[in-house]
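Some notes on the structure that comes next.
Nothing fancy with the numbering, it's 1 onward along the sequence. Remember, it's 1-based here, ligands and their atoms both numbered in the order they're listed.
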Amino acid sequence: MAQKRLAFVGGGNMASSIIGGLVNAGYPSNHITVFEPNADLARSLQTQFGTLNASSNDQAVLGHPSGGPADVVLFCVKPQVMQVVAKGVAGAVQKVKPLVVSIAAGIRSVDLERWLGGTLAIVRVMPNTPALLLEGASGLVANGAVTPEQKEFSVTLLKTVSKSVEWVDSEHMIDVTTGLSGSGPAYFFLLLEVMEDAAVKLGMPRETARALAAQTCIGAGRMALEEGKKGVDCAELRRRVTSPGGTTAAGLTVLEDGGFRTMVESCVNAATHRGTEMGELFGKDT
Ligand SMILES: O=C(O)[C@@H]1CCC=N1
């Protein structure tokens, strides 16, 4: 991977997953500078990964004393604070003109670009928390200023923590990605929680239930991916498990009759819609 200098604005969960993924993939930690206001978090990143701690966002972008100016600035802050943070570091960013990568849900590239003080190459990314285990799924979209080389670098960077990295063709599709895979782990956790509880009520020890249910989720996901490459869709995979008059059919009838499809569709719609709404809400200049 090209060894660009990376500045992380924010060193929370997602930033530390990405940093961990990069360093484990052999990325030089002295090319990674982080500004994280929480001193404990910042120290723990430095101890764990050997990254450089900056004393401000400006310093992360302009260059840590033992580094140089950033080629890529990754905004890993909550959407609520993006405006204040971006405006605060705009001067430094305009001096350096790096590739800007943002993982904030909802925040539009045009708003970020305006807060950062003018035209910039911006890639919006929606990763998800399984990136912590290098099992993430990430969607990304680039604005018109992003070069093919910067696009390639963005994919390489995300691949260190994501098994699926998918370009989407509009910012609306990043909101859809948020509703699907950004928030998606929580949907599966809820499903697993309920499946596990049901088995426990039927007398199974919790650890056994957890192990069986979670591996079923992983196995089904892998089958969906691998069979999908051969053109087999999820409906067909479901039919292959479902013997006529058998146990699966009995279970699925309850889900179908209970409105499972409508409910899950409404869930993805609501999360997507909230992403768009957050973009409108937090995108207004204050
Ligand atoms: O819930 C949220 O707003 C964020 C975005 C995707 C996952 N978590």
Could you tell me the residue and atom name of the protein heavy atom closest to [atom], and the distance to it rounded to 0.1 Å?
| atom | result |
| --- | --- |
| atom 1 (O) of ligand 1 | Ser183 OG, 4.5 Å |
| atom 4 (C) of ligand 1 | Ala105 CB, 4.8 Å |
| atom 3 (O) of ligand 1 | Met278 CE, 4.3 Å |

Exercise. Taking C-beta and beyond as the side chain, do Tyr27 and Ile19 meet within less than 4.5 Å on heavy atoms?
Worked result: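 Of all side-chain heavy-atom pairs linking Ile19 with Tyr27, none is under 4.5 Å.
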Problem set entry | Short side-chain donor-acceptor distance under 3.5 Å, Thr242 and Thr248 |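 Thr242 and Thr248 do not have a side-chain donor-acceptor pair below 3.5 Å.
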For this session: Pull out every atom of ligand 1 sitting under 4.0 Å from any heavy atom of Gly182, numbered as shown with elements.
Result: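 This gives 6 (C), 7 (C) as the contact atoms.
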For this session: Please confirm whether the backbone N or O of Thr119 pairs with a side-chain atom of Lys97, one donor and one acceptor, at under 3.5 Å?
Result: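 Side chain of Lys97 to backbone of Thr119, a donor-acceptor pair under 3.5 Å: yes, one is there.
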Problem set entry | Thr177 (side chain) donor-acceptor with Met173 (main chain) under 3.5 angstrom |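 It does hold such a pair.
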For this session: Kindly indicate, with the supporting measurements, whether the criterion side chain to side chain contact (heavy atoms under 4.5 Å, CB included) is fulfilled by Val155 and Trp167.
Result: CA-CA 9 Å; Val155 169; Trp167 285 106; 3.3 Å; yes
Exercise. Any protein heavy atom sitting closer than 4.0 Å to atom 7 (C) of ligand 1?
Worked result: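 Under the 4.0 Å cut-off, atom 7 (C) of ligand 1 does have protein heavy-atom neighbours.
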